[in-house]
Amino acid sequence: MSRVLVVDDDPHLLRTLRINLTAHGHTVVPVATGAGALRAAADRPAPDVVVLDLGLPDIPGLEVLEGIRGWSAMPVIVLSARTDAGDKVAALDGGADDYVTKPFGMPELLARIRAAVRRAATVPGEGEPRVATPDFEVDLVAKKVVRGGVEVHLSPTEWGVLEHLVRHPGMLVTQQQLLQEVWGPQYGTEGHYLRVYLGHLRRKLEPDPSRPRYLITEPGRGYRFEPAG
């Protein structure tokens, strides 16, 4: 059966889910905080599916979802008392695979878990939460970069550009794709934005920014991340 990461700050519900899911053959990893959820999602063996509450005490559930989606395609089922359509749309647009409102029936949740795991079995395997190069390491869960044992400060936009490239190692990412991913769907022709921010990243990460090994420009096409340098 499946390994299920259950994230909820209600101890009674967390215990109920652990007992019921275990009784149906699942291995349950119960967590009560967003920070704990991000750590558990990056553990090995990885969860097969995440059941995620939105109202967590430390990190909003949507930010936890964003953190997981930064490096992983593992199924995430949001389990929330919020019934507003806007909350559902935000969760689904943020990468949730399903949305179940509280109160709920256990048979329904079990069926949704089975469906999510089946769907996940048909997609390619996911990436690793940490990507190491000979000169620096990118932690996609903690959203940080370490070079020579020291964390490198990146602005939110610099991180957005780097994260998107790192999530597609060795692949060409077009200028339009990168602009729309980082700046939004209304962007697509502002190539000078990318030149500026790639320049910042190269100065911070490349051994020789004038001759980049990792953040490669494909003239007239886009950019590529080469982890081996």
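Closest approach of P134 and P227 over heavy atoms only: CD-O, 3.4 Å.
Side-chain contact check for W159 versus V182: every heavy-atom pair is 4.5 Å or farther apart. Contact of the L109 side chain with the L17 side chain is registered, since non-hydrogen atoms from C-beta on lie closer than 4.5 Å. The side-chain heavy atoms of L162 and L154, taken from C-beta on, include a pair separated by under 4.5 Å. A heavy-atom distance below 4.5 Å is not found between the side chains of L52 and L79.
Under a 3.5 Å cut-off, the side chain of D48 and the backbone N or O of R3 do form a donor-acceptor pair. No donor-acceptor pair under 3.5 Å is formed between the side chain of E163 and the backbone N or O of G160.
Inspection of the D208 and S210 side chains reveals an N or O donor paired with an N or O acceptor under 3.5 Å.
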Evaluate salt bridge (Lys or Arg N to Asp or Glu O under 4.0 Å) for D139 paired with K144, printing each intermediate quantity in order. CA-CA 5 Å; D139 188 328; K144 67 179 183 180; 5.5 Å; no
For the pair T157 and Y197, evaluate side-chain contact (heavy atoms from CB on, under 4.5 Å) and give the outcome as yes or no after the intermediate values. CA-CA 8 Å; T157 302; Y197 282 95; 3.6 Å; yes
side-chain contact (heavy atoms from CB on, under 4.5 Å) for V173 and F225? Distances and angles first, verdict last. CA-CA 9 Å; V173 179; F225 170 66; over 6 Å; no
Could you walk me through whether E137 and R147 satisfy the side-chain contact (heavy atoms from CB on, under 4.5 Å) test, starting with their C-alpha distance in whole Å, then the side-chain angles of each, then the deciding distance to 0.1 Å, before giving a yes or no? CA-CA 7 Å; E137 181 178 281; R147 182 182 182 187; over 6 Å; no
Show your reasoning for whether side-chain contact (heavy atoms from CB on, under 4.5 Å) applies to V49 and L5. CA-CA 6 Å; V49 61; L5 171 59; over 6 Å; no
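Atom CD in Q177 sits 10.5 Å away from atom CG in L165 (nearest 0.5 Å). The CG atom of D58 sits 4.5 Å away from the OG1 atom of T33 when rounded to the nearest 0.5 Å. To the nearest 0.5 angstrom, L178 atom CG is 5.0 Å from L194 atom CG.
Between D8 and R18, no side-chain nitrogen of the basic residue sits less than 4.0 Å from a carboxylate oxygen of the acidic one, so the salt-bridge criterion is not met. The pair R213-D135 meets the salt-bridge criterion, since a charged nitrogen lies less than 4.0 angstrom from a carboxylate oxygen. For the pair E158 and K204, the salt-bridge criterion is met [side-chain N within less than 4.0 Å of a carboxylate O].
Placement of V89 and L54 in two distinct hydrophobic clusters is found when ILVMFWY residues are connected by side-chain heavy-atom separations under 4.5 Å, directly or transitively.
With respect to T217, the side-chain hydrogen bond (donor to acceptor under 3.5 Å, both in side chains) criterion is satisfied by exactly one of R202, R224, Q175: R202.
Ring geometry, F136 versus Y214: the interplanar angle exceeds 60°, so the pair is classed perpendicular (tilted spans 30 to 60°).
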